[in-house]
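As the structure lists them, so they are numbered: ligands from 1, and atoms in each ligand from 1.
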Amino acid sequence: THQWRGIIEEYRDRLPVTETTPVVTLREGGTPLVPAQVLSERTGCEVHLKVEGANPTGSFKDRGMTMAITRAKEEGAQAVICASTGNTSASAAAYAVRAGMVCAVLVPQGKIALGKMGQALVYGSKILQVDGNFDDCLNLARSLSENYPVALVNSVNPYRIEGQKTASFEIVDALGDAPDIHVLPVGNAGNITAYWKGYREYAADGMSSRSPRMWGFQASGSAPIVRGEVVKDPSTIATAIRIGNPASWQQALAARDESGGFIDEVTDREILRAYRLLASQEGVFVEPASAASVAGLLKAAEAGKVDPGQRIVCTVTGNGLKDPDWAVAGAPQPVTVPVDAVAAAERLGLA
Ligand code: F0G
């Protein structure tokens, strides 16, 4: 039987590798494209979820990281560095282990989810909590990589984008063509850049008949692209996308404009509503930032911007276990029962 080999082996001819490139992989990619029944009913469309939380470290970052660390290894790097809101650092730390490299991580102090901190720690990376936000961390990481022998693996590294574009290939391969609309959360804007690149490349090579309109959603408190200006002190409960000055800002605008799409914002309340809907109605548990794509789709549908009958893919970028606090918060406490079937049945409403 065939096991998925990871994105580099599966899409080797579309990626910057040669026969001698030392591939560093955890067999990322090949993630589920799940039909979303409730979202389809609500929008009158055919909605699918690209469940990126199914990647080895629980987020889409693994697609980019297998490429970035593979090329860093090929170029002889012994150490890598990244700034992160948590997922990039978890991924970089894991792939650095596979490559036998040192991994340094810069995170905004107190603003990354517990699961992600746990990952960076258990994979053995060198973590610095920076007294600043993600944008400060990225500036610091860039400066360290320019002045010291350490390779930068943020999405400003072009190999990251190359790896991440493979999600578009998988979607077209699964559906037989590109969807009408593709919806994504937007933080540093690397992923929307990567998906657009993937869709364009596949269309140019005749693998699909068209490219989708790209719809991106930022959190209202961290929406520099929507506002058209840097947000100095970004805020949102979706810590993964708490970013005030996205590195791929211009590329995100290009994806939006070339595809005839748009970039809008969703409030934390809308994000949490979509977060709960995904888990309780679709059976897909994602982290809050990931729910921004679905929150955006619902917002657009309620505003009458979604024509029925279209095929829509929403990427849900990270696993819900990364940030379980939001699953527990506001939920009723489970009741305790004695070891007694009658009492348990009563509590469950069975008796
Ligand atoms: N969703 C999740 C779960 C993320 O972790 C990120 C980015 C995004 C969406 C946005 O993707 O930045 O390419 O627009 N996380 C980065 C990190 C910033 O450090 O893990 P983007």
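Residue T88 has at least one nitrogen or oxygen atom sitting less than 3.5 Å from a nitrogen or oxygen atom of ligand 1, judged on distance alone. Where the criterion is an N or O separation shorter than 3.5 Å, residue side chain and backbone included, A189 meets it with respect to ligand 1. Considering backbone and side-chain atoms together, I192 places no N or O closer than 3.5 Å to any N or O of ligand 1. Annotation: E287 places no N or O atom under 3.5 Å from an N or O atom of ligand 1; distance criterion only. Between I241 and ligand 1, a contact under 3.5 Å exists for no N or O pair.
A distance-only check finds no donor-acceptor pair linking the side chain of N154 to the backbone of C82 [under 3.5 Å]. Distance alone, capped at 3.5 Å, places no donor-acceptor pair between the S91 side chain and the N87 backbone. The closest donor-acceptor contact from the side chain of W4 to the backbone of E28 lies under 3.5 Å.
Remark: distances from the non-hydrogen atoms of N154 to ligand 1 are all 4.0 Å or more. Every heavy atom of S155 sits 4.0 Å or more from the atoms of ligand 1.
Ring planes of F169 and Y202: parallel class, angle under 30° (limits at 30 and 60°).
Using a 4.0 Å cut-off between charged nitrogen and carboxylate oxygen, E201 and K165 count as a salt-bridge pair.
If you look at L184 next to ligand 1, there are no close heavy atoms at all, none under 4.0 Å. Within the 4.0 Å heavy-atom criterion, the part of K61 lying near ligand 1 is the side chain and not the backbone.
Side-chain atoms of Q164 and I7, non-hydrogen and from C-beta on, never get closer than 4.5 Å to each other.
In summary, the atoms of ligand 1 found under 4.0 Å from a heavy atom of T85, numbered by their order in the structure, are 15 (N), 16 (C), 17 (C), 18 (C), 19 (O), 20 (O). When each atom of ligand 1 is checked for a heavy atom of S84 under 4.0 Å away, the hits are 17 (C), 19 (O), 20 (O). Close approach of ligand 1 to I243 is summarised as follows: ligand atoms under 4.0 Å from at least one heavy atom of the residue are 18 (C). Taking every non-hydrogen atom of T317 and a distance limit under 4.0 Å, the qualifying atoms of ligand 1 come out as 1 (N), 2 (C), 3 (C), 9 (C).
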